[in-house]
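Below you'll find the structure, written out as structure tokens, and then a few comments.
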2 protein chains.
Amino acid sequence: MAEKIAFLGLGNLGAPIAQRLINSGFEVTVWNRTISKAEPLAQLGAKVAENAIDAIEPGGIVFSVLADDNAVETTFSDALLQKLGSNGLHISMSTISPDCSRKLTETHNKYGASYVAAPIFARPDAVLSGMGNIVVSGEAGARERAKPLVQNFVKGVFDFGDDPGAANVIKLCGNFMIAASLEMMAEAFTLAEKSGIPRQSIYEMLTSTLFAAPIFQNYGKMVAQHTYEPVLFGLPLGLKDINLTLQASAKVNAPMPLADLVKNRFVSALAKDRAGMDWVALAKGASDDAGL
Amino acid sequence: MAEKIAFLGLGNLGAPIAQRLINSGFEVTVWNRTISKAEPLAQLGAKVAENAIDAIEPGGIVFSVLADDNAVETTFSDALLQKLGSNGLHISMSTISPDCSRKLTETHNKYGASYVAAPIFARPDAVLSGMGNIVVSGEAGARERAKPLVQNFVKGVFDFGDDPGAANVIKLCGNFMIAASLEMMAEAFTLAEKSGIPRQSIYEMLTSTLFAAPIFQNYGKMVAQHTYEPVLFGLPLGLKDINLTLQASAKVNAPMPLADLVKNRFVSALAKDRAGMDWVALAKGASDDAGL
């Protein structure tokens, strides 16, 4: 268990994942653009690198949880990939476009390194309790090497085969379905509220019966009670993900009118100065429209 | 357990509910517009009435599971309500408008009878296995008299108070959320399919993790496999319910853009000659749009 790991990106999700790896006994070197975020992990025993490239070991393992396509492409520069080199493995957990994963696989292979797309479904507290789920795709050998590593911090690992973009498609579909669930509950709870029924009552009935799933129980409570803080996944990130979904759907000619609707809810939320709220705040749109 | 019950309406849901009541030991008199549907219940011991009014006992209990507002209002004529009379109780299980329940409460009260709205969430097989859930609302005394009766065929009873329309609002919200879930899965599975991922794979991943709820597991399988028969809840009934939802939302000024989207999916399905399919066939819309 003394395998060395480089961990790039210590945001709301990256930090607890790095923490789980440290607690599992790995030697972890962390890097984050804003270096102060590395401090709590340093206290747990992580080494802190000043640059992404300094965190990497030749032929080693590197996890990344970064903001978007551009951040991953910029960080995984030719210089970094040259250092990672032969037998190096990049486990790429950011929510990025399928095409970005496909392109990164090519640039990694040019230097003998491997790339696995491994986006995670988990809020930060679910990472710490090991209740998240991860989807992986990419070269077979790299997937098999990645699986026991990610099993240190998730409950389920789902394999989507050779296409490195496949896992990203699944992640985008899942996030789209969560956002659509927020809109669905917002509309239903608002109709109930305006009909004289407490939001909490309809929430409790539906999420203890037909919709008894974590998404509806956890997010539904926030929608019912209009709880949009603390920010575990910011509203602008929600818009970023739904834009990636629509971009992927346009690429393969698969119209998604519900994704369009949800996207416009996010855009409207930004127009109403809600960028500082959790993405659940898209649910305020239905209340606004109803004059509440 | 020898209480006498009149049961009006033996469709896909009414028949199994009547069957459960017969099996629970009640003396049940059934009526259906198409009388041949009463035959299997007669073999279980039900009496069969030729007219709704003949099925009723003065001061007795009557269940109804009828097609729409008009069918309930026509069947519960002044003549029938006069016969039902004082101490009579109508347990109204049809999916009808909240306003129809409010109006029926008044006409019932005129003849001394009581009205309870009690729509059920269950497919026919869930009724037979007693796994459904029911929402009740209306006068307090009538609700308390209805509860032990409905507990003969459902798992959960949820009380929404004095407004007889409240239970209907909850039922419409629930059916809207199911229809929206169908659209949501249809769009996500279609994006996956066009990206080279089997529909079955994304279905299995999402419904064993984030969306591990009966609605997604049961309906999702049908969406993944394009199974739109047998018809347990016909597509025109789905459109009827979403129209009732939009009518209720217009009444209280609560815009529901997602309900509008789903309604247009149903309308398009009718345009494509899918009236004979289960309402899950609204999911074909996303595949059509993607040229599949």
Side-chain angles (χ1 to χ4, degrees), chain A residues 98 121 133 135 155-156 158 160-161 163 165-166 169-170 172-174 176-178 180-181 183-185 187-197 201-202 204-216 245 248-249 251-259 261 264 286 289-292, chain B residues 98 121 133 135 155-156 158 160-161 163 165-166 169-170 172-174 176-178 180-181 183-185 187-197 201-202 204-216 245 248-249 251-259 261 264 286 289-292:
Chain A
F121 287 100
N133 289 286
V135 282
K155 189 173 148 210
F158 296 81
F160 281 87
D163 171 17
V169 171
I170 298 295
L172 294 176
C173 285
F176 152 66
M177 283 178 57
I178 297 171
S181 300
E183 172 65 19
M184 176 200 298
M185 289 190 284
E187 292 188 18
F189 295 0
T190 301
L191 170 57
E193 181 180 357
K194 292 210 72 171
S195 304
I197 300 162
S201 302
I202 183 171
E204 287 175 7
M205 190 272 154
L206 289 172
T207 61
S208 66
T209 55
L210 291 75
F211 292 89
I215 290 304
F216 293 90
T245 308
S249 78
K251 177 93 191 300
V252 297
N253 295 328
M256 298 180 74
L258 178 45
L261 166 56
N264 286 318
D289 287 357
L292 292 171
Chain B
F121 288 101
N133 290 286
V135 284
K155 189 172 147 209
F158 295 82
F160 280 87
D163 171 17
V169 171
I170 299 295
L172 293 177
C173 286
F176 153 66
M177 283 178 57
I178 297 171
S181 300
E183 173 65 19
M184 176 199 299
M185 289 190 284
E187 292 188 18
F189 296 179
T190 301
L191 171 57
E193 180 180 356
K194 293 209 71 170
S195 305
I197 300 163
S201 302
I202 182 171
E204 287 175 6
M205 190 272 155
L206 289 171
T207 61
S208 65
T209 55
L210 291 75
F211 291 88
I215 290 303
F216 291 90
T245 308
S249 77
K251 177 92 193 299
V252 298
N253 295 329
M256 299 180 73
L258 177 44
L261 166 55
N264 285 318
D289 287 357
L292 292 171

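We use all heavy atoms of the structure for the numbers below, so side chains are in, but hydrogens, waters and symmetry mates are not. Being a predicted model, the structure only gives us computed values, none of them experimental.
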When you compare the side chain of A/M205 with that of B/N133, does any pair of heavy atoms fall below 4.5 Å? yes
Side chain, backbone, both or neither: which part of A/I215 has a non-hydrogen atom closer than 4.5 Å to chain B? both
I'd like to verify something: which residue of A/G196, A/P98, A/A213 has the highest number of heavy-atom pairs under 4.5 Å with chain B? A/A213
Output for pair (A/S249 OG, B/D289 CG), nearest 0.5 Å, gives 11.5 Å
Check for a donor-acceptor pair, side chain of B/E187 on one end and backbone N or O of A/L258 on the other, with a separation under 3.5 Å. yes
Tell me, for B/I202 versus chain A, whether the close heavy atoms (under 4.5 Å) come from the side chain, the backbone, both or neither. both
To the nearest 0.5 Å, atom CD1 of B/I170 lies from atom CD1 of A/I197 at 4.0 Å
Are B/F211 and A/F121 close enough that their ring centers fall under 6.0 Å? no
Measure B/A212 against the heavy atoms of chain A and call it side chain, backbone, both or neither at under 4.5 Å. backbone
Interatomic distance, A/F158 atom CZ to B/E204 atom CD [nearest 0.5 angstrom]: 9.5 Å
Side chain / backbone / both / neither for B/L206 at chain A, heavy atoms under 4.5 Å: side chain
Restricting to non-hydrogen atoms, name the atom on A/A188 and the atom on B/M177 that form the minimum distance, rounded to 0.1 Å. CB-SD, 3.7 Å
Please determine, among B/T190, B/T207, B/I178, B/D163, the option with the most heavy-atom pairs under 4.5 Å with chain A. B/I178
For each of B/G174, B/P255, B/G165, tally heavy-atom pairs with chain A at distances under 4.5 Å, and name the one with the top tally. B/P255
Which atoms of B/L292 are under 4.5 Å from chain A, going by heavy atoms: the side chain, the backbone, both sets, or neither? neither
Portion of A/N253 that has a non-hydrogen atom of chain B nearer than 4.5 angstrom: both
List in chain and number order the residues that pass side-chain hydrogen bond (donor to acceptor under 3.5 Å, both in side chains) with B/K251, two or more places apart in sequence or in another chain; answer none if no residue qualifies. B/D99
Answer with side chain, backbone, both or neither: which region of B/S208 has an atom nearer than 4.5 Å to a non-hydrogen atom of chain A? side chain
Restricting to non-hydrogen atoms, name the atom on A/A192 and the atom on B/C173 that form the minimum distance, rounded to 0.1 Å. N-SG, 4.5 Å
Mind ranking A/G161, A/G156, A/G291, A/S181 by heavy-atom pairs under 4.5 Å with chain B and telling me who comes out on top? A/S181
Looking at B/A180, B/A166, B/P257, B/S195, which makes the most heavy-atom pairs under 4.5 Å with chain A? B/P257
Are the side chain of A/K194 and the backbone N or O of B/A254 linked by a donor-acceptor pair below 3.5 Å? no
